[in-house]
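All remarks here apply to the structure that follows.
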Amino acid sequence: MSFPLLTATAVLPALGAIATAAVPAGRRTAAKWLALLVSLGTLVLAAVIAVRFRPGGDRYQLTESHAWIADFGVRYELGVDGIAVALIALTAVLIPVIILAGWHDADPLETDSQRWRPTQGFFALILSVEAMVILSFEATDVFLFYILFEAMLIPMYFLIGGFGDRAAPARQAGGGEENAAAQRSYAAVKFLLYNLAGGLIMLAAVIGLYVVAGNFSLTEIAEARANGTLEMATDTERLLFLGFFFAFAVKAPLWPLHTWLPNAMGESTAPVAVLITAVVDKVGTFAMLRFCLGLFPEASEWATPVILALALISIVYGALLAVGQRDIKRLIAYASISHFGFIVMGIFAMTTQGQAGATLYMVNHGISTAALMLVAGFLISRRGSRLIADYGGVQKVAPILAGTFLIGGLATLSLPGLAPFVSEFLVLVGTFARYPVVGVIATLGIVLAALYTLVLYQRTMTGPVKEEVRTLPDLRLRELVVVTPLIALLIFLGVYPKPLTDIVNPAVEHTMSDVQKKDPQPEVEAAK
């Protein structure tokens with residue numbers, strides 16, 4: 001029996017979460033180091049998965065299958081394709097960075113000795129989220145995926161509601177800790193209700209899928225649909241598709257189901273905000289590729305025009321709201337909504353380039369948003385304010401902080417030479433090949449991204465030095481360790497994305513085969 005590598009990669013952070021939570025209250029530093037070591041161990045296992053994965057081999061590799069709830073056809077089935085491998089690697093890379101960035105975020109507040117922030121619980125919750133996200137990328141049983149899809153809401157709820165931003169507007173306005181706690185509670189409850197609503201609708205669709213197919217195995221259902229032994233009535237398939245897609249669109253998030261994200265990211269600490277948008281939200285777009293297109297190919301094609309319209313609205317609407325933001329973190333949140341619009345557009349463009357670009361976009365958006373948000377968090381923690389107007393001239397007093405902030409911002413606007421450019425370019429080219437009008441309109445998002453990113457940098461980093469920022473220290477060693485690998489990845493994958501595309505492309509070809517789509521051929525013949 002081969003070593004259960006996929007299970008081990010998820011179990012290690014789960015056990016680490018339990019061990020971290022069990023560390024005695026007085027040994028906060030030990031809990032931090034334990035969490036960091038566990039996350040690094042998980043990164044090693046994720047690297048082993050990437051090394052052992054053969055891009056030209058079977059679609060799902062390193063598979064595991066064990067009986068679970070036999071009476072209902074539920075199995076513990078795991079397997080990874082190239083898309084899952086890329087997202088597992090992204091998660092495993094970001095979690096140690098998140099832990100290091102949040103090293104002091106759960107320490108007791110010196111200004112409020114009556115409030116206890118349980119350090120052990122903070123890092124245990126982060127590891128538990130990592131375990132569930134990784135296992136959701138590995139699950140090939142629909143019911144197992146649903147359980148993980150819902151279960152990850154619990155630790156995220158406590159991370160948002162229990163460990164909020166110390167620079168919250170309620171505190172800045174003199175409202176005190178009570179008002180800040182109320183804002184955190186509102187954001188956490190809104191996050192939970194939106195995602196629970198999506199999950200309940202998905203549960204109905206999961207049950208309906210079992211009634212139709214008789215089991216929950218993704219591979220068996222997809223194979224039966226491909227060879228014609230399982231047929232779904234048109235209306236049934238469309239209803240099941242809508243049930244799955246609604247839940248994934250909430251998680252993604254896609255307009256108009258996006259409103260929970262700015263609240264959740266705004267009230268969270270910067271590392272938790274990164275965990276939300278760079279890690280957890282990727283489960284939604286990943287699931288669109290694996291489950292919506294894999295299980296319901298005809299319904300996916302039927303819904304494509306509406307979904308592309310929603311994606312376009314997300315791109316433009318999110319970017320426009322980002323332009324008008326006064327809060328740094330909410331600006332990044334709305335920018336992420338715009339970026340998720342690009343990802344969804346690439347998925348439903350139904351072209352090889354579009355879907356490969358969407359997958360690369362998931363990875364590159366995670367890295368670039370992490371870089372920008374974490375540097376913004378370091379800046380906010382120094383000044384104690386999230387408002388753009390409270391900054392100015394930072395590059396003169398903290399040039400390294402300003403430089404890393406600029407690189408993160410330039411990556412967000414997809415500057416050529418940085419990783420997001422490749423993915424955004426592929427998404428636009430792939431979309432234009434089949435839907436030229438949609439592709440042209442989507443380019444407006446690039447223009448707006450340049451506007452909100454450069455204006456943000458100009459207002460915070462350039463100009464006269466404001467009195468309140470004169471004494472801001474530059475990035476410290478720990479913060480440099482956090483930012484450096486992210487910037488290195490942005491540059492490396494921007495110049496040489498081949499290692500990632502080699503893994504992703506075969507999986508995209510399988511997905512295109514599921515929906516029985518071929519890339520459009522050029523309408524203009526080459527000159528002879």
Side-chain angles (χ1 to χ4, degrees), residues 160 165 167-169 183 186-187 190-191 194-195 249-270 272-282 284-285 309-345 361-362 364-377 379-380 385-391 405 408-414 420 424 427 441-460:
I160 297 169
D165 186 1
Q183 291 294 325
Y186 171 78
K190 189 173 184 179
F191 161 82
Y194 268 67
N195 284 273
V250 173
K251 183 82 77 178
L254 186 69
W255 184 93
L257 306 171
H258 67 285
T259 59
W260 63 267
L261 183 65
N263 295 101
M265 290 183 65
E267 297 303 323
S268 301
T269 63
V272 173
V274 171
L275 187 64
I276 294 170
T277 191
V279 177
V280 173
D281 286 355
K282 297 303 185 297
T285 45
L310 296 178
L312 267 182
I313 295 173
S314 291
I315 291 169
V316 178
Y317 176 80
L320 284 173
L321 287 185
V323 171
Q325 286 302 305
R326 297 181 298 170
D327 183 309
I328 297 174
K329 292 172 68 176
R330 290 179 70 90
L331 185 153
I332 299 173
Y334 280 112
S336 290
I337 292 170
S338 181
H339 294 314
F340 275 108
F342 276 107
I343 295 171
V344 174
M345 186 178 73
Y361 214 129
M362 290 186 233
N364 295 332
H365 169 264
I367 300 170
S368 61
T369 298
L372 182 61
M373 177 61 84
L374 292 178
V375 176
L379 178 66
I380 291 168
S385 174
R386 292 169 12 196
L387 300 179
I388 297 172
D390 288 342
Y391 296 89
F405 189 82
L410 293 177
T412 299
L413 63 82
S414 300
E424 191 162 277
V427 166
I441 297 173
T443 57
L444 181 60
I446 301 176
V447 178
L448 293 172
L451 179 61
Y452 62 68
T453 300
L454 296 178
V455 168
L456 172 64
Y457 183 84
Q458 179 189 35
R459 292 180 178 176
T460 56

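Quick note: residue numbers are just sequence positions, from 1. Here the structure is a predicted model, which means the values were calculated and not measured.
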Just to verify, what does His339 make a side chain to side chain donor-acceptor pair (under 3.5 Å) with, not counting sequence neighbours? Tyr361
Run the side chain to side chain donor-acceptor pair (under 3.5 Å) test against Tyr194 and tell me which residues pass, sequence neighbours left out. Thr259
Given side chain to side chain contact (heavy atoms under 4.5 Å, CB included), test Ile332 with Thr412 step by step and report yes or no. CA-CA 9 Å; Ile332 299 173; Thr412 299; over 6 Å; no
Can you give me the closest heavy-atom contact between [X] and [Y], atom names plus distance?
X      : Y      : answer
Leu254 : Ala252 : N-CB, 4.1 Å
Ile315 : Gly445 : CG2-CA, 3.8 Å
Thr277 : Lys282 : O-NZ, 2.8 Å
Ile276 : Ser268 : CD1-OG, 3.8 Å
Val323 : Leu448 : CG2-O, 4.1 Å
Ile328 : Ala376 : CG2-CB, 3.9 Å

Show the numbers, then the answer: is there a side chain to side chain contact (heavy atoms under 4.5 Å, CB included) between Leu312 and Tyr317? CA-CA 8 Å; Leu312 267 182; Tyr317 176 80; over 6 Å; no
Just by distance, do the side chain of [X] and the backbone of [Y] share a donor-acceptor pair under 3.5 Å?
X      : Y      : answer
Trp260 : Val250 : yes
Arg326 : Ala389 : no
Tyr391 : Ser385 : yes

Between [atom1] of [X] and [atom2] of [Y], what distance do you get to the nearest 0.5 Å?
X      : Y      : atom1 : atom2 : result
Ser338 : Tyr452 : OG    : OH    : 5.0 Å
Glu424 : Leu413 : CD    : CG    : 9.0 Å
Glu267 : Lys190 : CD    : NZ    : 11.0 Å
Leu320 : Ile313 : CG    : CD1   : 12.0 Å
Trp255 : Leu310 : CH2   : CG    : 6.5 Å
Leu331 : Ser336 : CG    : OG    : 10.0 Å

Report the C-alpha separation of Val427 and Ile343 in whole Å, then their side-chain angles, then the decisive distance to 0.1 Å, and conclude whether the side chain to side chain contact (heavy atoms under 4.5 Å, CB included) test is met. CA-CA 8 Å; Val427 166; Ile343 295 171; over 6 Å; no
For the residue pair [X] and [Y], establish whether any side-chain heavy-atom pair is separated by less than 4.5 Å.
X      : Y      : answer
Leu454 : Tyr457 : no
Ile337 : Leu261 : yes
Thr285 : Val344 : yes
Met265 : Val274 : no

Indicate, with yes or no, if the rings of Phe340 and His258 have centres closer together than 6.0 Å. no
Show me the side-chain donor-acceptor pairs of residues 367-374 shorter than 3.5 Å, one per line, residues at least two apart or across chains.
{"unit_1": "Ser368", "atom_1": "OG", "unit_2": "Asn364", "atom_2": "O", "d": "3.0"}
{"unit_1": "Ser368", "atom_1": "OG", "unit_2": "His365", "atom_2": "O", "d": "3.3"}
{"unit_1": "Thr369", "atom_1": "OG1", "unit_2": "His365", "atom_2": "O", "d": "3.0"}
{"unit_1": "Thr369", "atom_1": "OG1", "unit_2": "His365", "atom_2": "NE2", "d": "3.0"}

